[in-house]
Amino acid sequence: MRGPVVVLGDTLLDRDVEGVVNRLCPDSPVPVLDETVATDRPGGAGLAAVFAAAQGAEVVLVTALADDAGGARLSALLAAAGVQVYPLALSGATPEKIRLRARGRVLLRHDRGGASGEPGQPSDEVLRVIAAASAVLVSDYGRGVARQPALRDALAATRAPVVWDPHPRGPAAVPGVHLATPNESEVRELVPALPGASRLATASRGAQGLRRRWRAGAVAVTLGGDGALLCHAGSTPLVVPTPGSAEGDTCGAGDRFAAAASLALAQGALVSEAVQVAVAEASAYVAGGGVATALPPPAPTVRARSAPGPRALQPSPRGGAVADRVGVAAVATLLGEVRAAGGTVVATGGCFDLLHAGHVATLEAARQLGDCLIVCLNSDASVAGLKGPDRPVQSEADRSRLLAALSCVDAVLIFDESTPETALSWVRPDVWVKGGDYATGGGDASVTLPEAEVLRRWGGNTVVVPYLDGRSTTDLIVRTLAERTR
């Protein structure tokens with residue numbers, strides 16, 4: 001493959017809540033589910049991207065993320081799965097699908113997130129990565145990303161094979177896609193069936209109708225446990241049966257099918273070969289237990305918690321308690337306010353193990369570059385991994401409280417990973433700031449910051465601000481230990 005596999009579309013947060021039912025509700029004849037475990041995972045385009053990444057491909061996901069806890073959780077889950085997220089802004093809330101389950105069966109699905117938000121404009125870097133793709137999968141869940149005009153123009157212009165997994169509430173496929181992959185029910189909604197027609201006749205008629213309407217190279221209608229029906233330009237469709245029994249949880253099977261077909265096309269397969277691979281992959285996925293067994297273990301989340309301490313904290317100059325400015329909820333509220341006012345979001349990051357004058361100088365300079373400053377703070381586990389088992393000197397609770405108490409800091413976000421990439425993909429700052437000694441010890445601006453590539457995904461900028469000479473946490477610790485041993 002000459003470039004990454006790009007997955008483009010709407011990402012949802014899926015949550016499976018498993019429990020047991022032993023009684024009815026006293027005020028209504030409905031079962032009471034006692035929760036035993038809950039599992040979060042990316043849904044929609046995010047799930048298709050995770051499937052592709054699990055096969056060893058380099059995967060880029062172009063999707064819209066909201067400024068809320070759900071968006072932060074999705075960012076962490078996708079990064080942990082090896083997916084490079086190129087986020088667009090998303091107005092409104094993260095869409096969530098919650099399945100309440102008992103003994104492996106779904107009792108109820110609860111959807112929340114409200115009406116579809118409007119995705120933001122893609123950056124030049126997003127358009128570049130689409131042009132360089134080895135294949136593009138459009139995973140449309142009817143929430144607006146596939147309608148974005150600049151993205152549609154980029155899809156129409158790319159030379160890579162495009163697979164379009166449609167949604168009845170979504171837009172028509174971009175003309176010229178290599179393969180569209182609707183399921184039976186989607187075909188019936190998009191192309192009305194003739195009365196009395198057989199199942200195969202209905203699928204074939206619908207596929208040919210969509211192929212002509214969308215000017216697609218081919219349309220493969222997925223038939224559940226019976227495989228798929230592929231229609232090319234000729235009059236005779238190709239039926240690809242499943243290799244064996246495929247009974248089980250079918251949640252995500254369509255995403256697995258589309259992801260497998262996209263990977264096969266990226267590797268040079270014919271469309272008919274790609275569909276055969278996709279049927280085999282989706283069948284094995286369902287027979288193997290479905291989404292519950294196919295995904296890697298859940299990722300740690302960017303934690304939505306505040307620093308512990310007494311409830312009666314001193315109010316900051318901006319109002320509210322210091323602890324109210326630590327965590328995902330605090331950052332989400334701040335992002336919403338600043339972006340609604342058209343402001344500039346600035347972020348910086350680090351361990352801040354012993355807060356000193358050099359840190360303060362950097363933070364004050366960073367705050368002057370925009371309308372708010374968010375500090376991405378390495379957790380205790382992250383600091384220990386970077387600095388060694390003797391660090392940090394101060395706990396993340398103390399470090400976050402000290403930072404939040406500064407008048408130049410508007411919010412603090414604690415992250416567990418070794419780099420802030422996951423946090424940045426959610427926050428999407430306009431400006432990322434590091435101290436001037438970061439690159440070479442002397443403020444050499446010609447050295448590229450490691451976060452610069454991440455910022456380019458949404459059109460953000462990285463800058464270096466002057467750093468006070470002679471201030472270093474490590475040097476402070478060394479000098480302190482030397483003084484104690486005299």
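No hydrogens or angles considered: nothing links the side chains of Tyr285 and Asp255 as a donor-acceptor pair under 3.5 Å.
Residues in residues 118-145 take part in these salt bridge (charged side-chain N to carboxylate O under 4.0 Å, His left out) pairs, two or more places apart or across chains: Glu125-Arg128. Listed by first and then second residue, the side chain to side chain donor-acceptor pair (under 3.5 Å) pairs that reach into residues 161-173 are Asp165-Thr181, sequence neighbours excluded. Applying the side chain to side chain donor-acceptor pair (under 3.5 Å) rule to pairs touching residues 327-347 yields Asp67-Arg339, sequence neighbours excluded.
With Thr362 contributing its side chain and Gly435 its backbone, the two residues share no donor-acceptor pair below 3.5 Å. Panel note: side chain Asp371, backbone Val338; no donor-acceptor pair is recorded below 3.5 Å. Arg428 contributes a side-chain N or O that, together with a main-chain N or O of Trp426, makes up a donor-acceptor pair within less than 3.5 Å. Under a 3.5 Å cut-off, the side chain of Asp410 and the backbone N or O of Leu373 do form a donor-acceptor pair. Under the 3.5 Å distance criterion, the side-chain polar atoms of Ser262 are matched with a main-chain donor or acceptor of Ala258. Judged purely by atom type and a 3.5 angstrom limit, Gln394 uses its side chain to pair as donor or acceptor with the backbone of Asp353. Distance alone, capped at 3.5 Å, places no donor-acceptor pair between the Gln368 side chain and the Ala365 backbone. Counting only distance, with no hydrogens or angles, the side chain of Thr94 and the backbone of Gly71 share a donor-acceptor pair below 3.5 Å. In this structure a side-chain-to-backbone donor-acceptor pair under 3.5 Å is missing from Asp34 to Gly19. Under a 3.5 Å cut-off, the side chain of Arg457 and the backbone N or O of Pro87 do not form any donor-acceptor pair.
Under the side chain to side chain donor-acceptor pair (under 3.5 Å) criterion, Tyr86 pairs with no residue at all, not counting sequence neighbours. With sequence neighbours excluded, no residue satisfies salt bridge (Lys or Arg N to Asp or Glu O under 4.0 Å) with Arg105. Among residues two or more places apart in sequence or in another chain, the side chain to side chain donor-acceptor pair (under 3.5 Å) test is passed with Thr63 by Thr11. By the side-chain contact (heavy atoms from CB on, under 4.5 Å) test, Val463 pairs with Leu369, Val431, Val433, sequence neighbours left out. For the salt bridge (Lys or Arg N to Asp or Glu O under 4.0 Å) test, residues two or more places apart in sequence or in another chain that qualify with Asp16 are Arg41, Arg99. Asp153 meets the side chain to side chain donor-acceptor pair (under 3.5 Å) test with no other residue; sequence neighbours excluded. Under the side chain to side chain donor-acceptor pair (under 3.5 Å) criterion, Trp432 pairs with Glu451, not counting sequence neighbours. Checked against side-chain contact (heavy atoms from CB on, under 4.5 Å), Glu18 has the following partners two or more places apart in sequence or in another chain: Thr36, Val37, Arg101.
Nearest heavy-atom pair, Ala423 versus Cys376, reported as atom, atom and distance to 0.1 Å: CB-SG, 4.3 Å. In this structure, Leu334 and Ala411 approach most closely via the heavy-atom pair CD2-CB, 3.8 Å. Nearest heavy atoms, Leu354 versus Val393: CD2-CG1, 4.1 Å. Minimum interatomic distance between Val83 and Ala49 (heavy atoms only, all atoms of both residues): CG2-O, 3.8 Å. Nearest approach of Ala347 to Pro429, heavy atoms of both residues: CB-CB, 3.8 Å.
In this structure, Val62 and Pro122 have side chains that are not in contact, with every pair of non-hydrogen atoms separated by 4.5 Å or more. Taking the side chain as every heavy atom from C-beta outward, Thr158 and Val6 never approach each other to under 4.5 Å. Side-chain contact between Leu90 and Val145 is absent, with no heavy-atom pair separated by less than 4.5 Å. Counting heavy atoms from C-beta on, the side chains of Val163 and Val177 never come closer than 4.5 Å. Val129 is listed as a side-chain neighbour of Pro4, based on a closest heavy-atom distance under 4.5 Å.
Here the straight-line distance linking atom SG of Cys25 with atom CG of Leu33 works out to 12.5 Å at 0.5 Å rounding. Rounded to the nearest 0.5 angstrom, Leu47 CG and Cys251 SG are separated by 7.0 Å. Taking NE2 from His359 and SG from Cys351, the interatomic distance works out to 8.5 Å, rounded to the nearest 0.5 Å. Between the CG atom of Asp10 and the OG atom of Ser139 there is a distance of 7.5 Å, given to the nearest 0.5 Å. One distance of note links CG of Leu413 with OG1 of Thr422; it measures 10.5 Å at 0.5 Å rounding. Interatomic distance, CG of Leu100 versus CZ of Arg15, reported as 11.0 Å (0.5 Å rounding).
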Using the rule given for side-chain contact (heavy atoms from CB on, under 4.5 Å), can you reason through Val7 versus Phe51, listing the C-alpha separation, both sets of side-chain angles and the distance that settles it, and then say yes or no?
CA-CA 11 Å; Val7 180; Phe51 285 150; over 6 Å; no
For Val326 and Leu377: C-alpha separation, side-chain torsions, deciding distance, then whether side-chain contact (heavy atoms from CB on, under 4.5 Å) applies.
CA-CA 10 Å; Val326 179; Leu377 180 68; over 6 Å; no
If you apply the rule side-chain contact (heavy atoms from CB on, under 4.5 Å), what do you find for Leu77 with Leu13, and how did you get there?
CA-CA 10 Å; Leu77 290 166; Leu13 180 60; 4.0 Å; yes
Check against side-chain contact (heavy atoms from CB on, under 4.5 Å), Thr419 and Phe415
CA-CA 8 Å; Thr419 74; Phe415 65 93; 5.7 Å; no
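Remark: Arg399 is not positioned above the aromatic ring of Phe352, lacking an NZ or CZ atom under 6.0 angstrom from the ring centre and at most 45 degrees off the axis.
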Expected list for residues 107-114: side-chain donor-acceptor pairs under 3.5 angstrom, two or more places apart:
{"unit_1": "Arg109", "atom_1": "NE", "unit_2": "Asp111", "atom_2": "OD1", "d": "2.8"}
{"unit_1": "Arg109", "atom_1": "NH2", "unit_2": "Asp111", "atom_2": "OD1", "d": "3.4"}
{"unit_1": "Arg109", "atom_1": "NH2", "unit_2": "Asp111", "atom_2": "OD2", "d": "2.6"}
{"unit_1": "Arg112", "atom_1": "NE", "unit_2": "Glu96", "atom_2": "OE1", "d": "3.2"}
{"unit_1": "Arg112", "atom_1": "NH2", "unit_2": "Glu96", "atom_2": "OE1", "d": "3.2"}

